[in-house]
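The structure appears right after this line, and notes come after that.
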Amino acid sequence: MYKKVAVLGGGTGLSCLLKGLKEFPIDITAIITVSDNGKSTGKLRREFNTPAVGDIRKVITNLSGTDEPIKQMMSYRFNTSSDLNGHAVGNLILTSMLEITGSLRDSIACLSKLLDVKHKVLPISEDSHLVLMGKDNQGNIIEGEEQITRAHCKFERIYYKEEPRVLDEVIESIKEADLIIFSMGSLYTSILPNIICKQVKEALNGTKAPIMYLCNAVTQPGETDGYTVGDHVELLNQYLDHKKVDVVIASNTKIDKRIAEKYENEERKDPVKIDYGKLNKIGVELIEADLIVVEENVLRHNSMKLNSLIFSYLMRD
């Protein structure tokens, strides 16, 4: 029987991770935040009163075993002067399934079967009204995930306007997992929206499975400026209860000066540095490796290396 891994996250980071992780002999449950209110997802939420489907669509597509043209179709966005403009085909399909089944969980199961997904994909909640909130360090309250991302400021607190009703299957997956992974991605809008849920924190407190965090390669403007690997772990631990992060995987790649300057000047992003002293003080195990590659002038994790490290850790005696 394969070992079970519960992966929590959202956005591009989670979908990219799962694209490689699915190639290993493990049982994956992807748990996805559903509070996004931007772009196609935001439009569909406002029009149909649904949870966010965009990150779910990305994860299903990257876990899919179907042909590449079908995957491309799922991500295709209409470019038109009509109301379809900007909508991803996969988002429309998920929304139509939700209208038919009345359940996001069942809609995901139907689409997963159609696209030959061998692993489980779960929304953190089926609540259609989830609103992510942020209180910045100046005391300002910012409402909405898209608005939090655009604010480019440091946050004192991230929380929901109303406490989500977490799916029972999410809690069961966390309790049954041999390893729990917090994916790389935005701390504030991809990772925290999952772990700030009261029921999730209680489930994490009760599990014996280690928590692994996959640290971001670069900082996020305003939110994590100057953050080290230890700072990322420390922030996550502040939102957790008794159970804390056990192990962090971080890259020690020496970024080419030209690429680093491009990120700094054009995107206000800097490489996340490993601070061995702080990590040792926190008491978290560090697994480091040369993990970052450059593809078309974009920094990305080397999927095979990263997922090999995850699998090796999982298979320790």
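What you see is a predicted model; the values in this text were computed from it and never measured. Quick note: numbers below take in every heavy atom, side chains included, and nothing from hydrogens, waters or symmetry partners.
- Contact annotation: the side chain of V170 approaches that of I124 to within less than 4.5 Å [non-hydrogen atoms, C-beta and beyond].
- With a 6.0 Å radius and a threshold of 12 heavy atoms from other residues, nucleotides or ligands, N265 has its CG atom above the threshold.
- Note: L122 CG to I56 CD1 = 9.5 Å, rounded to the nearest 0.5 Å.
- Here CD1 of I249 is found 9.5 Å from CG of L286. Values are rounded to the nearest 0.5 Å.
- Residue pairs meeting the side-chain hydrogen bond (donor to acceptor under 3.5 Å, both in side chains) criterion with at least one partner in residues 50-68, sequence neighbours excluded, are R57-N91.
- Residue I292 comes nearest to A217 through the heavy atom pair CD1-CB, 3.5 Å, listed as atom of the first residue, atom of the second, then distance.
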Legend entry - salt bridge (Lys or Arg N to Asp or Glu O under 4.0 Å) assessment of E169 paired with R105: CA-CA 10 Å; E169 291 90 339; R105 175 192 56 194; 2.6 Å; yes
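- Taking the six-membered ring where the residue is Trp, H232 and Y227 present perpendicular rings, their angle passing 60° and hence far from 30°.
- Donor-acceptor pairing under 3.5 Å is lacking for the side chains of E156 and N137.
- Side-chain contact between L306 and M304 is absent, with no heavy-atom pair separated by less than 4.5 Å.
- Y213 is not listed as a side-chain neighbour of I181, based on a closest heavy-atom distance of 4.5 Å or more.
- Environment of OH in Y2: sparse, with no more than 12 heavy atoms of neighbouring residues, nucleotides or ligands closer than 6.0 Å.
- Proximity of I31 to V7: side-chain heavy atoms (C-beta onward) are nowhere separated by under 4.5 Å.
- For the pair I32/N194, no side-chain contact is recorded, criterion being any heavy-atom separation below 4.5 Å from C-beta on.
- Among all heavy-atom pairs drawn from H119 and I28, the shortest one is ND1-N, 3.1 Å.
- Remark: the T219 side chain and the T224 side chain contain no N/O donor-acceptor pair separated by less than 3.5 Å.
- In this structure, CD1 on I282 lies 7.0 Å from CG on D275, to the nearest 0.5 angstrom.
- Salt-bridge annotation for E264 and K269: absent, with no side-chain N of the basic residue lying under 4.0 Å from a carboxylate O of the acidic one.
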Legend entry - Verdict with supporting geometry, I274 and E288, side chain to side chain contact (heavy atoms under 4.5 Å, CB included): CA-CA 9 Å; I274 300 175; E288 61 174 307; 3.7 Å; yes
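- Note that the CG atom of N37 and the NZ atom of K43 stand 13.0 Å from one another [nearest 0.5 Å].
- Listed here is the closest heavy atom pair of P193 and L132: CG-CD2, 3.8 Å.
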Inset, instruction - Start with the C-alpha gap between D241 and K243, add the side-chain angles, then the distance that decides, and say whether salt bridge (Lys or Arg N to Asp or Glu O under 4.0 Å) holds. - result: CA-CA 6 Å; D241 284 340; K243 181 76 172 179; over 6 Å; no
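- The number of heavy-atom neighbours closer than 6.0 Å to NZ of K262, taken from other residues, nucleotides and ligands shown, is above 12.
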Inset, instruction - Verify ring pair (Phe, Tyr, Trp, His ring centres under 6.0 Å) between F311 and F24, making sure each step is shown before the conclusion. - result: CA-CA 7 Å; F311 184 70; F24 289 79; 5.4 Å; yes
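- The nearest pair of heavy atoms linking L240 to K201 is CA-CD, 4.3 Å.
- When every heavy atom of T253 is checked against every heavy atom of L291, the shortest pair comes out as OG1-N, 3.0 Å.
- Not a single donor-acceptor pair under 3.5 Å links the side chain of K161 to the backbone N or O of M133.
- Put simply, OH on Y263 and CD1 on I255 are 8.5 Å apart, with the number rounded to the nearest 0.5 Å.
- The pair K278-E234 meets the salt-bridge criterion, since a charged nitrogen lies less than 4.0 angstrom from a carboxylate oxygen.
- Side chain to side chain, H152 and E223 fail the donor-acceptor criterion of an N or O pair below 3.5 Å.
- For the 3.5 Å distance criterion, the side chains of E126 and S103 qualify, holding a donor opposite an acceptor.
- Enclosure of atom NZ in K39 is not indicated, since only 12 or fewer non-hydrogen atoms of other residues, nucleotides or ligands lie within 6.0 angstrom.
- Judged as a salt bridge (charged side-chain N to carboxylate O under 4.0 Å, His left out), not a single pair has a partner in residues 9-26 (not counting sequence neighbours).
- To the nearest 0.5 Å, the span separating CG on L130 from CZ on R165 amounts to 9.0 Å.
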